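Presented below is the structure to which this report refers.
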Amino acid sequence: MIEAEDLRKSYGDLHAVNGISLRIERGEAFGLLGPNGAGKTTTLHMLAGAIRPDSGSVSIDGERDPTRSEVRNAIGIAPQDLAIYEELTAEENLRFFAKLYGLAGSRLGDRVAWGLEFAGLTDRRKDHAGKFSGGMKRRLNLACALVHEPRVLFCDEPTVGVDPQSRAHIFDRIEEVKRAGCTLVYTTHYMEEAQRLCDRVAIVDRGKVLADDSVDALIREYGGQSVVEAEFTKVPDDATSLPGEFDDTTLRIQTSEPFAALARLGDRGAEIAQLRVERPDLERVFLHLTGRRLRD
Ligand code: ATP
């Protein structure tokens with residue numbers, strides 16, 4: 001289990017992290033979701049022991065000193081600024097990180113082969129990382145973080161700036177890591193990723209956690225109702241008496257039961273040309289909590 005208590009980190013006058021407390025259970029996929037500059041990377045680095053907080057504390061499975069080798073070997077970190085060496089081949093990178101974590105002998109060879117397969121780079125194992133595309137570099141970066149089979153993976157925006165194919169590959173692999181029981185701490189500003197992967201999400205903004213719960217609970221609490229927008233070819237009977245905003249040929253209804261609302265329109269003889277049902281999502285949660293959109 002990872003516990004953080006009142007973490008703070010400032011750079012000059014800027015409070016990058018301003019009192020963050022978290023509790024992440026073993027085997028959980030935990031997301032830090034927030035816009036650029038919210039303090040996600042700084043928080044992740046403090047949790048992983050990569051930077052020291054100005055104040056506050058972190059413990060991983062009860063251990064408070066992140067420099068101890070037991071702690072170091074239990075965690076892997078895939079930083080946003082890639083940690084791989086461009087002048088080394090894919091295989092040499094994996095070998096380097098594996099040795100750093102004390103792997104040797106047949107286990108070293110097995111894990112390097114695993115890492116190449118995981119990254120989809122077995123065929124390119126002799127090529128220098130500097131020649132790889134952004135997506136290939138990110139895949140290798142992730143494999144290097146996992147080569148020693150850590151119990152906890154800290155993953156900082158692993159899909160940022162990569163092509164859709166690599167993004168899908170990386171995402172599938174991270175889901176595999178989750179299924180294998182690894183604890184995941186995952187930062188992203190893509191709410192679809194947090195929604196799909198994470199058991200629990202902390203919404204982070206301006207160095208603080210605004211809410212921290214399961215995705216469903218956050219949406220129930222802060223997401224508001226579904227919106228049904230129907231454009232008619234034949235307007236329903238008595239259209240102006242319908243709940244919602246009616247504008248010439250389009251009706252917009254806010255409801256917690258979108259399908260029941262649609263059935264009622266059918267009962268009144270409506271013929272619908274276009275239909276849009278917008279379920280509440282984490283974007284709406286963020287908007288509700290901050291008054292801004294995630295990607296403003
Ligand atoms: P992003 O996704 O853009 O990395 P983030 O949520 O991860 O955003 P952080 O990288 O933690 O945010 O940065 C939080 C704030 O702290 C930002 O305003 C950033 O400019 C600032 N910051 C982070 N590291 C440093 C540093 N070493 N020196 C000065 N300012 C920093």
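Order of appearance sets the numbers: ligands from 1, and atoms from 1 within every ligand. Computed from a predicted model, the values in this text were never measured in an experiment.
- Backbone and side-chain nitrogen or oxygen atoms of Thr43 are examined, and none is located within less than 3.5 angstrom of a nitrogen or oxygen of ligand 1.
- Taking the centre and axis of the six-membered ring of Tyr101, the NZ or CZ atom of Arg111 falls outside the cone set by 45° and 6.0 Å.
- In this structure, OG in Ser166 is found 11.5 Å from CZ in Phe132, a value given to the nearest 0.5 Å.
- Every atom of ligand 1 with a heavy atom of Thr42 under 4.0 Å away is listed here by number and element: 9 (P), 11 (O), 13 (O).
- Between the side chain of Ser10 and the backbone N or O of Gly12 there is no donor-acceptor pair closer than 3.5 Å.
- Of the protein's heavy atoms, Leu14 CD2, 4.3 Å lies nearest to atom 19 (C) of ligand 1.
- Applying the 4.0 Å criterion to heavy atoms of Glu157 picks out, from ligand 1, the atoms 2 (O).
- In this structure, Gly39 has a heavy atom closer than 4.0 Å to ligand 1.
- Under a 4.0 Å criterion applied to the non-hydrogen atoms of Thr41, ligand 1 contributes the atoms 4 (O), 5 (P), 7 (O), 10 (O), 11 (O).
- A perpendicular orientation is assigned to the rings of Tyr186 and Phe171, their planes being inclined by more than 60° (bins at 30° and 60°).
- For ligand 1, the atoms closer than 4.0 angstrom to any heavy atom of Gln80 are 4 (O).
- Distances between N or O atoms of Gly37 and those of ligand 1 include at least one value under 3.5 Å.
- Ion pairing between a basic and an acidic side chain is recognised when a charged N comes within 4.0 Å of a carboxylate O; Glu175 and Arg196 show such pairing.
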Self-check item: Worked check of salt bridge (Lys or Arg N to Asp or Glu O under 4.0 Å) between Lys178 and Glu176
Solution: CA-CA 5 Å; Lys178 176 186 170 182; Glu176 255 173 56; over 6 Å; no
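- We find that Lys131 and Glu86 are not joined by a salt bridge, their nearest charged nitrogen and carboxylate oxygen being 4.0 Å or further apart.
- Less than 4.0 angstrom separates atom 3 (O) of ligand 1 from at least one non-hydrogen atom of the protein.
- Ion pair Arg125/Glu92 not flagged as a salt bridge, since none of the NZ, NE, NH1 or NH2 atoms sits closer than 4.0 Å to an Asp/Glu carboxylate oxygen.
- Of the protein's non-hydrogen atoms, the one nearest atom 28 (N) of ligand 1 is Tyr11 CD2, 3.4 Å.
- Without hydrogens or angle criteria, Asp110 side chain to Ala113 main chain gives no donor-acceptor distance under 3.5 Å.
- Contacts between Asp156 and ligand 1, counted as non-hydrogen atom pairs separated by less than 4.0 Å, are absent for every part of the residue.
- Contact atoms of ligand 1 toward Pro35: 6 (O) (distance under 4.0 Å to a heavy atom of the residue).
- On a distance-only criterion, His189 and ligand 1 share no N/O pair closer than 3.5 Å.
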